[in-house]
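For reference, the structure is listed below as structure tokens.
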Amino acid sequence: MYIKNQVFTDEETLMEMLFDFALGDSTSILRQLKDEIDQQLQNNETYLEYLNSLTDEEDRLELETEERLIRLAEALKEQFDSFKTERQKLFGLKNGTEILLSEIDMV
């Protein structure tokens, strides 16, 4: 894990930051999005069929993690113009306003 102070707009960096900040404390905004994504996946028959077809537990875990991460990044990209990491905090930026999404204690 390496979190540096930066501003970014690309989905790849956002996914890396979401992965890193998964160990931290999410705000209610991020928790709500995660809950919505979990609900969508539980109701997605195609996804569930494919998940259940995987016999290797490691493959199943990787699919679950990746799918949630991709969907979370997409949802955040729809809501925010860019993102920023600063002082071990992840912010969504929209119209010049910073909204805290997650923070992590790096002690």
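All values below were derived from every heavy atom in this structure, side-chain atoms included, with hydrogens, water molecules and symmetry-related copies excluded. Counting from 1, the numbers follow the sequence of the chain as shown. Quick caveat, the model's predicted, so the values are computed rather than measured.
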Check: Could you give all pairs that pass the side-chain hydrogen bond (donor to acceptor under 3.5 Å, both in side chains) test and reach residues 90-99, with sequence neighbours left out?
Finding: K84-E98
Next item on the list: Using side chain to side chain contact (heavy atoms under 4.5 Å, CB included) as the criterion, list what pairs up with T9, not counting sequence neighbours.
Entry: S82
Checklist line | Residues forming a side chain to side chain contact (heavy atoms under 4.5 Å, CB included) with A75, sequence neighbours excluded | finding: L33
Next item on the list: Indicate yes or no: at least one non-hydrogen side-chain atom of L30 is less than 4.5 angstrom from one of L76.
Entry: yes
Notebook entry, point to check: Is there a side-chain contact between F80 and L93, using heavy atoms and a 4.5 Å cut-off?
Noted result: no
Next item on the list: Report yes if the side chains of K89 and S102 come closer than 4.5 Å at any heavy-atom pair, otherwise no.
Entry: no
Note to self: Would you compute the distance between atom CG of L69 and atom CE of M15 and round it to the nearest 0.5 angstrom?
What the structure shows: 4.0 Å
Item checked: Results of salt bridge (Lys or Arg N to Asp or Glu O under 4.0 Å) for D81 - residues two or more places apart only -> none
Checklist line | Pairing residues for N44 by the side chain to side chain donor-acceptor pair (under 3.5 Å) criterion, not counting sequence neighbours | finding: none
Notebook entry, point to check: Do E67 and Y47 come close enough that some side-chain heavy atom pair is under 4.5 Å?
Noted result: yes
Item checked: side-chain hydrogen bond (donor to acceptor under 3.5 Å, both in side chains): pairs with one or both residues in residues 50-66, sequence neighbours excluded -> none
Item checked: Close side-chain approach of R71 to L41, heavy-atom, < 4.5 Å -> yes
Next item on the list: Return each pair, listed once, that meets salt bridge (charged side-chain N to carboxylate O under 4.0 Å, His left out) where at least one residue sits in residues 37-48; pairs must be two or more places apart or across chains.
Entry: D38-R68
Notebook entry, point to check: Do the non-hydrogen side-chain atoms of D20 and I104 ever get within less than 4.5 Å of each other?
Noted result: no
Next item on the list: Over all heavy atoms of both residues, which pair between N5 and R87 is shortest? Give the atoms and the distance, please.
Entry: OD1-N, 3.2 Å
Item checked: Qualifying residues under side chain to side chain donor-acceptor pair (under 3.5 Å), relative to E16, sequence neighbours excluded -> none
Notebook entry, point to check: With sequence neighbours excluded, what pairs up with F91 under the ring pair (Phe, Tyr, Trp, His ring centres under 6.0 Å) test?
Noted result: none
Item checked: Minimum side-chain heavy-atom gap Q40-N43 below 4.5 Å -> no
Check: Do you know which two heavy atoms are closest between T85 and F8, and how far apart they sit?
Finding: CG2-CE2, 4.1 Å
Checklist line | Results of side chain to side chain donor-acceptor pair (under 3.5 Å) for D10 - residues two or more places apart only | finding: T13
Next item on the list: Not counting sequence neighbours, which residues clear side chain to side chain donor-acceptor pair (under 3.5 Å) with E74? List them please.
Entry: none
Check: Which residues satisfy the side chain to side chain contact (heavy atoms under 4.5 Å, CB included) test with D35, sequence neighbours excluded?
Finding: none
